[in-house]
Protein chains: 2
Amino acid sequence: MRKMKEPAFKRAEPDARRQSLIEACARVLGRVGTAGASVRAIAQEAGVSPGLVNHYFDGVDALVAATYAHVDGMVTGALDAAVGEAGPDARDRLDAFVTASFAPGIADRQLLATWVAFWGLVTARPDIARQHDEQYAGFRERLEGLLAGCGVPASELRRAAIAVTALVDGLWLELCLSPGCFAVEEASGIARRFLDTIVPPRPA
Amino acid sequence: MRKMKEPAFKRAEPDARRQSLIEACARVLGRVGTAGASVRAIAQEAGVSPGLVNHYFDGVDALVAATYAHVDGMVTGALDAAVGEAGPDARDRLDAFVTASFAPGIADRQLLATWVAFWGLVTARPDIARQHDEQYAGFRERLEGLLAGCGVPASELRRAAIAVTALVDGLWLELCLSPGCFAVEEASGIARRFLDTIVPPRPA
DNA sequence: CAGCTTGTTGAACGAACGTACAACAAAAGG
DNA sequence: CCTTTTGTTGTACGTTCGTTCAACAAGCTG
């Protein structure tokens with residue numbers, strides 16, 4: 001029987017390889033936390049050699065930033081999908097948005113690890129702080145659209161979006177950090193009740 | 001002129017030394033972030049030799065955990081002081097509590113750095129997760145007391161405390177991460193308005 | 001099949017890390 | 001003043017880190 005010489009490695013398109021490194025980074029962050037997310041650990045998780053990380057990213061920080069952007073995009077996609085499935089009613093769409101924020105896979109400790117790693121860079125790196133500003137503004141803008149659809153007056157739109165974002169983020173954070181403290185249903189119940197206080201009642 | 005031989009170092013009581021190391025750790029975390037908070041950097045900040053850190057703490061993680069506990073105690077003290085200065089009215093005291101959460105020195109990026117470093121340990125270390133559970137429960141309990149004083153019924157106390165904590169934490173977090181996005185006054189305004197919706201109106 | 005392009009490897013390097021420990025000296029007691 | 005105690009030092013060790021780069025091979029081209 002002839003021994004087939006297997007290829008030592010497979011080539012990949014730059015974008016695909018970048019993607020696989022990002023996903024490996026997210027997995028490592030979720031498993032061992034910020035401290036253990038070294039170039040070597042991430043490369044091993046992705047099944048490639050350590051040198052490849054520096055070939056695609058300027059150091060671990062840049063990879064973490066890219067991972068944050070990617071995970072943020074995934075979350076945004078999941079929330080948009082939930083809004084899309086909610087039907088035409090504006091309030092139903094808003095409720096779907098906040099409820100999906102606490103769904104399993106979103107309110108997840110492993111996901112939080114990516115956020116925490118990113119926040120850890122904000123303190124010392126102005127460019128990372130700017131990236132956070134932009135993505136946070138994007139999230140708020142999305143929420144402003146949903147709130148406007150529910151009849152929140154334009155003059156209060158900004159304040160309402162900041163408030164809802166803060167409440168959802170705070171609930172999400174504690175849900176990730178202390179999953180046993182309160183249930184997902186409690187979180188979405190609290191958020192919905194809060195929405196009742198800032199959204200005009202729907203016409204009966 | 002006789003040259004005085006200055007002492008090469010000064011001894012300190014164990015508690016005082018521990019305290020100075022904790023404060024040095026907080027300063028280093030605030031300046032260079034989680035990644036740069038090494039044993040050597042913290043020891044240099046405290047003006048002592050590197051070996052002393054391991055003499056008082058079982059590694060950097062334990063020091064970070066102790067720093068978190070210390071900073072949490074300082075914040076609690078500041079909030080309690082604000083409540084104490086607020087006078088006898090229950091609602092005034094509650095307002096003082098949440099307003100003080102956004103005061104300069106509390107909503108501070110350097111303070112956030114300690115929190116982020118601590119959160120980074122929660123993912124991988126169950127004992128750290130338990131410590132977070134306890135301190136978070138303590139914060140919530142304190143808030144439940146203030147809410148009860150305002151006439152929030154006992155059956156809703158738990159839910160209300162979770163909600164207020166989440167909103168305050170969410171506002172505090174974004175205030176630290178993106179100080180330019182909205183003002184401190186906006187944050188406390190949002191929080192007070194939220195309190196109006198869960199606290200029974202005071203008797204006129 | 002030969003040649004070229006380039007994604008990928010893996011070792012090598014210096015720097016920084018956590019840890020341990022023997023030597024030292026400051027403070028206290030006699 | 002001498003002895004004891006112990007907080008503190010500073011070095012040394014082994015490990016792990018990020019980074020670099022010459023060599024290699026996979027896959028395309030002709």
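Throughout, a chain's letter reflects where its sequence line sits, starting with A, and its residues are numbered from 1.
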So which one's nearest nucleotide on DNA chain D is more toward 5', B:Gly51 or B:Pro14? B:Pro14

Taking the side chain as C-beta and beyond, is there a heavy-atom pair between B:Val152 and B:Ile198 under 4.5 Å? no

Give the nucleotide from the list D:dA26, D:dT8, C:dT9 with an atom nearest to the side chain of B:Arg11. D:dT8

Interface residues of residues 40-48 of chain B with DNA chain D (non-hydrogen, below 4.0 angstrom): B:Arg40, B:Val48

Just to verify, what does B:Phe57 make a ring pair (Phe, Tyr, Trp, His ring centres under 6.0 Å) with, not counting sequence neighbours? none

Heavy-atom closest pair (A:Ala161 atom, A:Leu143 atom, distance to 0.1 Å) is O-CD2, 3.9 Å

Do any N or O atoms from the side chain of A:Glu156 and from the backbone of A:Pro153 form a donor-acceptor pair under 3.5 angstrom? no

Does anything in residues 54-63 of chain B come within less than 4.0 Å of DNA chain C? Heavy atoms only, and list the residues if so. B:Asn54, B:Gly59, B:Val60

Looking at B:Trp119 and A:Leu177, would you say the former's side chain and the latter's main chain have a donor-acceptor pair under 3.5 Å? no

Which residues, if any, of residues 18-36 of chain A bring a heavy atom under 4.0 Å of DNA chain D? none

Return the set of residues passing side-chain contact (heavy atoms from CB on, under 4.5 Å) with B:Leu175 (not counting sequence neighbours), or none when no residue passes. B:Phe102, B:Ala107, B:Phe182, B:Val184, B:Ala187

Output all residues satisfying ring pair (Phe, Tyr, Trp, His ring centres under 6.0 Å) with A:Tyr68, sequence neighbours left out; order by chain, then residue number. A:Trp115, A:Phe118

From C-beta outward on B:Ala12, which listed nucleotide comes closest to its side chain: D:dG18, C:dG7, D:dT8? D:dT8

Is B:Ser38 close enough to C:dC17 that one of its side-chain N or O atoms is under 4.0 Å from OP1 or OP2 there? yes

Does atom CZ of A:Arg158 have more than 12 heavy-atom neighbours, drawn from other residues, nucleotides or ligands, at distances under 6.0 Å? yes

Atom CD of B:Glu13 and atom C1' of D:dT6 are separated, to the nearest Å, by 14 Å

Report yes or no: does B:Gln131 contribute a side-chain atom to a donor-acceptor pair with the main-chain N or O of B:Ala65 at less than 3.5 Å? yes

Cut-off 3.5 Å, side chains only: do B:His70 and B:Glu23 have a donor facing an acceptor? no

Spacing between B:Leu52 atom CG and C:dA20 atom C1', to the nearest angstrom: 14 Å

Integer-rounded Å distance: C:dT8 C1' and A:Arg17 CZ: 8 Å

For the side chain of A:Thr67 and the backbone of A:Leu63, is there at least one donor-acceptor N/O pair under 3.5 Å apart? yes

